[in-house]
Amino acid sequence: MSSEDVQSLAGFREFFPAEFALRQHIFAAWRRVAARYGFVEYDGPPLEPLELYTRKSGEEIVGQLYSFTDRGGREVALRPEMTPSFARMISARAGGLPKPIRWFSIPQLFRFERPQRGRLREHFQLNMDIVGESDPLADAEIIAAALDALRELGLDETHIVARVSDRRLVSAILTAEGVSDDRHLAVYAVLDKADRETPEWLSERLEAATIEEGTRARLLELPTLGLEEVRLRYARDEAILAAADSLDLVLSHLGSAGFGDYARFDAGLVRGLAYYTGTVFEIWERSGDLRAVCGGGRYDDLLASLGGVDLPALGFGMGDVVLAELLRDLELAPDATLEIDDFIVCVSDDQRGTALAVGAALRRQDRRVIYDLRERGVGRQFKTANQLGAARAIVVGPDDVARGVVVTKDMSSGDTGEIELGELLDGPDE
RNA sequence: GUGGGCGUAGCUCAGUCGGUUAGAGCGCCAGGUUGUGGCCCUGGAGGUCGCGGGUUCGAAUCCCGUCGCUCACCCCA
């Protein structure tokens, strides 16, 4: 059986050079931005004990675990998210690290689920987290970093928007509306669909959650309200005002940092993960054709609940699959071809030694150099140089070498010149 | 997990009332000769028509299954 008979697994990608170029383009942008915000990179094991996830992760994630029994009989799982590993690593070192801690990672994550557009069984996800700071300034910082990571790739406020909310605010509003705690999750689920479903459908769902008719109408208005309207409507509720103040600070800081047009309050935003305790946000493409590009929030209780240090924390995850599709759709994906600087034309094998020395010298100058790997006609070599898009051809022929030079030719203008061999081979710069 | 659409050369696709060695464009390779490319000309390689089974004298074309892709649902990273 040849290797071609065995297909790659469903939901797993093969990165041919064009795809790999886009992936590296994205990773490089992420790393540049992370560095600018003072984040240091870490990584954990791709394979973890199954119980790391079954113990504390949500039901949904457990149901999609890519798990199996290893040859030693141990139940293991490919990591579906980074947070548990991150929590363990942070807990091991947090005591000795200055706070706040700023760490980022680009793990490959896995889950066993039906692949579809923007969602595979494997993806890379930028994770950025801040640990040890509860001030709203940290919330603004992490959201700014997320937006910057996208802006670095050419996306601006016309392409993307961050929807920002706060679990405490929405929770306080529900309580003020007389919705008991045990029904909050059901209401969140409905609000989350506010922009995708009809009012009738939403109302029916609220009715099913035993919400009274008058309250239903008021709840369904929430996603359309601005922060000021919320403040006015619930002006006498201390808990709501306090949460609104906090959120206001986050948005205000974002504005000062230059992201005012990128972020807006949206009470309809309710992130799926249950461990968020405060600020939550998602970044969406404006058209809404694709899903969220990024999601995150504050999870002040998670580290302690995982048995680690008791420190406030917040962060986000940004996947590469949807992002890559978005960049391609907007024609922001880079040209995958490697730009060749010099193509060395070796007139005959008699000059081969000189040609190789010239190539080595140019490569020491960090130029991208290619030449034919067998003897071929000069015309053929120029054709190849042109085909490869080389910026310059360097002809190494008997007449030139006898004069102690090589001939250069700019491939786009056709202009020719000469370089002294002696200068090139033992130039002053090396 | 549920339902719909699709699956022919590296790429984009033609090719069905089932009928001789399955085509085009682009790309790739080699020539158009021995010191100069982009155009052009000529030639060539490359497909068990996703895979398996069935119907038929005969299937890329019809039927079933399967795998993959894709869209929607579900749900989320």
Side-chain angles (χ1 to χ4, degrees), chain A residues 1-2 4-14 16-18 53 57-66 78-84 105-127 189 192-193 196-197 270-274 282-283 289-297 315-323 325 340 343-351 355 372 374-402 406-416:
Chain A
M1 175 182 283
S2 81
E4 292 171 4
D5 294 334
V6 182
Q7 299 182 324
S8 66
L9 291 170
F12 286 82
R13 294 170 289 176
E14 293 182 307
F16 289 91
Y53 306 109
S57 293
E59 295 277 326
E60 301 307 328
I61 285 190
V62 173
Q64 299 166 177
L65 276 174
Y66 213 113
L78 289 164
R79 59 186 177 194
E81 57 170 337
M82 198 57 177
T83 304
S105 188
I106 307 179
Q108 188 174 24
L109 306 177
F110 307 85
R111 71 160 159 204
F112 196 82
E113 236 241 330
R114 185 124 170 196
Q116 52 188 280
R117 180 171 167 80
R119 190 176 182 181
L120 307 171
R121 283 183 173 171
E122 148 275 315
H123 77 145
F124 290 93
Q125 187 188 64
L126 170 64
N127 276 246
D192 191 38
K193 292 180 166 46
R196 301 196 291 272
E197 300 287 351
V270 188
R271 295 238 62 213
L273 291 177
E282 285 185 342
I283 300 176
D289 284 347
L290 295 171
R291 294 142 14 136
V293 177
C294 169
F316 68 83
M318 180 185 294
D320 72 320
V321 178
V322 172
L323 182 53
E325 285 173 359
I340 297 300
F343 188 96
I344 299 179
V345 175
C346 187
V347 175
S348 82
D349 262 352
D350 293 340
Q351 288 79 49
D372 259 329
R374 70 163 107 146
E375 185 171 26
R376 288 216 260 204
V378 173
R380 186 72 189 78
Q381 292 183 68
F382 266 93
K383 191 187 272 271
T384 302
N386 181 65
Q387 192 174 33
L388 291 169
R392 186 172 71 164
I394 295 181
V395 182
V396 182
D399 304 344
D400 317 309
V401 172
V406 290
V407 174
T408 65
K409 179 174 182 178
D410 183 299
M411 290 300 284
S412 52
S413 69
D415 296 342
T416 59

Within the structure shown, what part of the strands sits under 4.0 Å from [X] by heavy-atom distance: base, sugar-phosphate, or nothing?
| X | result |
| --- | --- |
| A:Leu120 | base |
| A:Gly397 | base |
| A:Gln381 | nothing |
| A:Gly11 | sugar-phosphate |
| A:Met411 | base |

Whole Å only: how far is the [atom1] atom of [X] from the [atom2] atom of [N]?
| X | N | atom1 | atom2 | result |
| --- | --- | --- | --- | --- |
| A:Arg380 | B:G37 | CZ | P | 12 Å |
| A:Arg376 | B:U33 | CZ | P | 17 Å |
| A:Glu81 | B:C75 | CD | C1' | 15 Å |

Query raised in the report: Is A:Gln351 reaching over with its side chain to a backbone N or O of A:Ser348, donor-acceptor style, under 3.5 angstrom?
Result: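 Such a contact is found between A:Gln351 side chain and A:Ser348 backbone.
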Minimum-distance nucleotide (side-chain atoms of [X] versus [options]):
| X | options | answer |
| --- | --- | --- |
| A:Arg374 | B:A30, B:G38, B:U36 | B:A30 |
| A:Pro398 | B:G35, B:G38, B:U36 | B:G35 |
| A:Lys409 | B:C76, B:U36, B:G38 | B:U36 |
| A:Gln387 | B:G38, B:C28, B:G35 | B:C28 |

Query raised in the report: Do A:Lys383 and B:G38 share a donor-acceptor pair, side chain to base, under 3.5 Å?
Result: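 Check fails, no donor-acceptor contact within cut-off.
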Requested in this report: Taking atom types as modelled, find out whether A:Thr408 and A:Asp410 have a side-chain donor-acceptor pair closer than 3.5 angstrom.
Outcome: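 No, A:Asp410 and A:Thr408 have no side-chain donor paired with an acceptor closer than 3.5 Å.
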Query - Residues which pass salt bridge (Lys or Arg N to Asp or Glu O under 4.0 Å) with A:Arg376, listed by chain and number, not counting sequence neighbours - result: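 Only A:Asp372 meet the salt bridge (Lys or Arg N to Asp or Glu O under 4.0 Å) criterion with A:Arg376.
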**Report entry** Distance (rounded to the nearest 0.5 Å) between A:Asp320 CG and A:Gln108 CD
**Finding:**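 A:Asp320 CG to A:Gln108 CD: 8.5 Å, rounded to 0.5 Å.
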Query - Spacing of CD1 belonging to A:Ile106 relative to CE belonging to A:Met318, to within rounding of 0.5 Å - result: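 If I round to the nearest 0.5 Å, the distance is 10.5 Å.
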Query raised in the report: Dot-bracket for RNA chain B, 5' to 3', counting Watson-Crick or G-U wobble pairs under 3.5 Å, with [ ] for crossing pairs and | for inter-strand pairs?
Result: (((((((..((((.....[...)))).(((((.......))))).....(((((..]....))))))))))))....
